[in-house]
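Some notes on the structure that comes next.
No hydrogens, no waters, no symmetry mates; every other heavy atom, side chains included, goes into these values.
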Amino acid sequence: MDARTRKRLRERLVSLRDELLTQGSMDIPPARTDVVSTPDDDEAPLTHMTQAIASNRNRERADRLEQIREALALVDEDPEQFGLCEVCEEPIKPRRLELMPWVVLCVACQEKHEQEHRSPGSRKHLGDFQ
């Protein structure tokens with residue numbers, strides 16, 4: 001990867017990081033605001049769903065921020081390794097890096113990783129039915 005491309009991807013990483021930091025965490029509403037009343041049977045499922053969505057969004061945001069921080073550290077500390085797959089050490093396709101500059105695996109290694117870590121009963125991919 002040339003220095004100009006690396007610089008552009010670094011700028012994109014910084015922009016994505018700043019955007020995520022600006023958005024901030026999603027507030028997780030309490031299940032009940034008063035301790036005296038009983039929970040509303042109709043409101044409880046909606047509250048639990050809202051809490052789960054907020055919690056998942058916050059976790060995903062924190063994970064993405066960590067991935068971006070690690071990618072920025074790699075660009076700054078070992079720029080020649082940036083853009084290479086951590087497993088096979090082949091260059092990650094430029095289009096993949098343009099879309100997700102924090103990725104550390106090429107498509108083939110990512111698919112293999114996902115297959116190895118798929119839990120039983122999880123969603124299947126079309127390739128699983130061949």
Side-chain angles (χ1 to χ4, degrees):
M1 171 182 311
D2 61 44
R4 196 171 85 214
T5 301
R6 195 171 18 255
K7 180 181 178 194
R8 188 179 72 249
L9 290 173
R10 186 185 190 294
E11 289 170 355
R12 176 138 163 71
L13 285 164
V14 169
S15 174
L16 290 168
R17 179 196 63 196
D18 293 346
E19 182 181 325
L20 285 172
L21 290 173
T22 301
Q23 289 174 356
S25 295
M26 185 179 233
D27 291 332
I28 300 175
R32 293 178 30 199
T33 55
D34 60 3
V35 292
V36 178
S37 68
T38 58
D40 183 352
D41 289 339
D42 294 331
E43 186 178 328
L46 178 61
T47 301
H48 291 295
M49 183 180 69
T50 304
Q51 289 173 334
I53 290 170
S55 179
N56 285 339
R57 180 188 175 276
N58 291 340
R59 187 177 321 106
E60 288 171 3
R61 180 183 162 275
D63 290 346
R64 180 73 67 234
L65 276 170
E66 182 60 28
Q67 291 170 327
I68 290 171
R69 285 186 183 114
E70 289 174 1
L72 284 168
L74 185 60
V75 168
D76 293 340
E77 296 167 12
D78 196 1
E80 296 303 317
Q81 286 299 110
F82 180 73
L84 297 180
C85 178
E86 284 186 347
V87 176
C88 68
E89 298 183 356
E90 291 294 319
I92 297 171
K93 301 265 185 207
R95 182 71 178 143
R96 181 168 169 80
L97 282 174
E98 289 292 332
L99 294 172
M100 300 176 297
W102 59 82
V103 296
V104 294
L105 299 175
C106 67
V107 172
C109 291
Q110 181 71 44
E111 287 176 351
K112 185 177 178 182
H113 174 79
E114 288 175 3
Q115 286 176 353
E116 291 170 355
H117 294 90
R118 184 180 311 145
S119 60
S122 65
R123 294 171 61 184
K124 303 286 183 193
H125 296 279
L126 289 177
D128 294 342
F129 298 103
Q130 294 179 356

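- V104 pairs with exactly one of Q67, E70, E86, Q81 by the side-chain contact (heavy atoms from CB on, under 4.5 Å) rule, that one being E86.
- The side-chain heavy atoms of T5 and P94, taken from C-beta on, include no pair separated by under 4.5 Å.
- Taking a cutoff of 4.0 Å between a charged side-chain nitrogen and a carboxylate oxygen, R12 and E19 do not qualify as a salt bridge.
- E98 is linked by a salt bridge (charged side-chain N to carboxylate O under 4.0 Å, His left out) to R8, counting only residues two or more places apart in sequence or in another chain.
- A donor-acceptor pair under 3.5 Å links the side-chain atoms of N58 to the main chain of A54, judged by distance alone.
- Rounding to the nearest 0.5 Å places NZ of K112 at 11.0 Å from CG of L105.
- For the atom pair CD1 (I68) and CE (M100), the distance works out to 12.0 Å, reported to the nearest 0.5 Å.
- Put simply, the side chain of T22 gets close to the backbone of D18: a donor and an acceptor are under 3.5 Å apart.
- Counting heavy atoms of neighbouring residues, nucleotides and ligands inside a 6.0 Å radius, atom CD of E116 exceeds 12 of them.
- Under 3.5 Å, the side chains of E111 and Q115 contain no donor-acceptor pair of N or O atoms.
- Taking the side chain as every heavy atom from C-beta outward, M1 and L9 approach each other to under 4.5 Å.
- Annotation: side chain of L21 is in contact with side chain of R61 (closest heavy-atom distance under 4.5 Å).
- Between D63 and E66, the closest side-chain pair of non-hydrogen atoms is not below 4.5 Å.
- Side-chain contact check for K93 versus V107: every heavy-atom pair is 4.5 Å or farther apart.
- Side-chain contact between R10 and D76 is present, with heavy atoms from C-beta onward closer than 4.5 Å.
- Under the 4.5 Å side-chain criterion, counting only non-hydrogen atoms from C-beta, R59 is in contact with S55.
- Listed here is the closest heavy atom pair of C106 and C85: N-SG, 3.4 Å.
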